[in-house]
There are 2 protein chains.
Amino acid sequence: MSTIETKPWTSETVVADLERAIHEHRLPPGTKLGEDELGDAYGISRTIVRAALLALSHRHLVELKRNRGAFVAQPSVREAREVFEARALLEPRTAHSAALRMTDKDLALLQANIRDEHAALDAGESGRALFLSGQFHVEIARIADQSTIETFISELISRSSLIIALYWRRRAALCETQAHHALLDAFARKDAAAAEELMKSHLLDLVASLDLHNVSQPPTSLREALQR
Amino acid sequence: MSTIETKPWTSETVVADLERAIHEHRLPPGTKLGEDELGDAYGISRTIVRAALLALSHRHLVELKRNRGAFVAQPSVREAREVFEARALLEPRTAHSAALRMTDKDLALLQANIRDEHAALDAGESGRALFLSGQFHVEIARIADQSTIETFISELISRSSLIIALYWRRRAALCETQAHHALLDAFARKDAAAAEELMKSHLLDLVASLDLHNVSQPPTSLREALQR
DNA sequence: CTCAACAATATTGTATACGATTTTGTTCCG
DNA sequence: CGGAACAAAATCGTATACAATATTGTTGAG
């Protein structure tokens, strides 16, 4: 946990801190997020913690069970499909818009992002690499200058991180940065149509790298899981 | 206000009640939502009210100003454009999916919705008609069996209601139900391509019926608004 | 009379106390 | 020894008290 008690933690900063921890798989799906525990860790009262957990539950990153507590969400196979369905509707067209508005500064930012992701991978910081990989997509929405869509994509990216934690099947890990590289090239050429197509196939590749027909549903209850 | 104190109001029911009131324009944009006031109205403590307001702020229906309180949101022209941009990405394709999954029961529900909207209009209940008109769109997402996208569309519909309250320009009011009728026909024929196109143009018509180039921004501050 | 400074009031922000529910641990009967 | 009933503990749900901040009202000097 973050444990730096010198900071003035607010509801929003706690949300951001927890969201990043979840996104980086430092808090795996299913992790219990006790209110007292979090309050002690951040040095704040349960009031703030509850507001943060409520916010995270609205983003579907945390599941609140009445009188049971908060847990890092465990998206179902169904939900996983839906998330990528939504991404497929939003992201390709957003990449198209972004390509048309792309500035040199934006390009540099995206390039830096890819570089940092490479560095993180080399350093064995796979969590940080995953986070940066997601940021690449959010950044595109920001460049497209569509903050409303950006909010949706940002949520979907974080949820995708949970989905990856649950359903990722081992494969070539470099396909990610390859796809981002190709996108960057299209952006550099201001080729909006190519960017849209590349994003579309990138998302299809992502889904294909998941194991979603598997019946190993994240156990809703231990009882049910062990009764087989 | 709702004032029925015999009900066991929970955070969620209060959110639903307030959201509907906002959607039906009983709580116009800019309305101050005092915590004590709401707590008294519903017969609950500020704790629950705050949770509800927090939820509504996450849906961009309420704006929270630090140490100032909660207000019904006043989407900017910029935000209005973004909301309809997002709807344009999500809804046509969702209508396509819905057409393919449409059952007779679903058709009946949509038909009933249109009928109720007509009835509400005839009865002069324009707020209720607007709400039902929005429900038509949410229902399509539900029929498409995409709950994640449905959540997004539901939020966008509610925000659209605020946008209509602020930027609607007088016009033929029946264009709405006409478009919904046409959609229903396409659904009945299971003509997914037609449904997709009809939804696309319906959304374009909606945007066209708004006055978004107008400079009469909802005043961010009274000072600024009166200094002209 | 105008306006700035200050005081009073109202409202939100946060912490904490207490009650409700669930979970865990123990006991006692079969 | 096994299991159900009960007791204890932990945790969440809600209300309330108090502090922080903003707004409003008043006063007094110029």
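Residue numbering restarts at 1 for every chain, and letters A, B, ... go by the order of the sequence lines. Remember, predicted model here, so these are calculated numbers, not experimental data.
Between the OH atom of B/Tyr42 and the P atom of D/dT14 there is a distance of 16 Å, rounded to whole Å. Nucleotide D/dT14 holds its P atom 12 Å from the CG atom of A/Leu64, rounded to whole Å. We find that CG of B/Asp40 is positioned 11 Å from P of D/dT16, with the value rounded to whole Å.
For A/Glu85, the side-chain hydrogen bond (donor to acceptor under 3.5 Å, both in side chains) test picks out no residue, with sequence neighbours left out.
Here the side chains of B/His202 and B/Glu91 are not in contact, with every heavy-atom distance at 4.5 Å or above. Here the side chains of A/Pro75 and A/Leu166 are in contact, with some heavy-atom distance below 4.5 Å. Two residues are said to be in side-chain contact when any heavy atoms from C-beta on lie closer than 4.5 Å; B/Ile149 and B/Ile153 meet this criterion.
For A/Thr47 and C/dT14, the shortest distance from a side-chain N or O to OP1 or OP2 is not below 4.0 Å.
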Detail all sub-3.5 Å separations between protein N/O atoms and N/O atoms belonging to nucleotides 6-12 of chain D.
unit_1, atom_1, unit_2, atom_2, d
D/dC12, O3', A/Asn67, N, 3.4

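A donor-acceptor pair shorter than 3.5 Å can be found between the side chains of A/His137 and A/Arg87.
For CD of B/Glu139, the number of neighbouring non-hydrogen atoms (other residues, nucleotides, ligands) closer than 6.0 Å is greater than 12.
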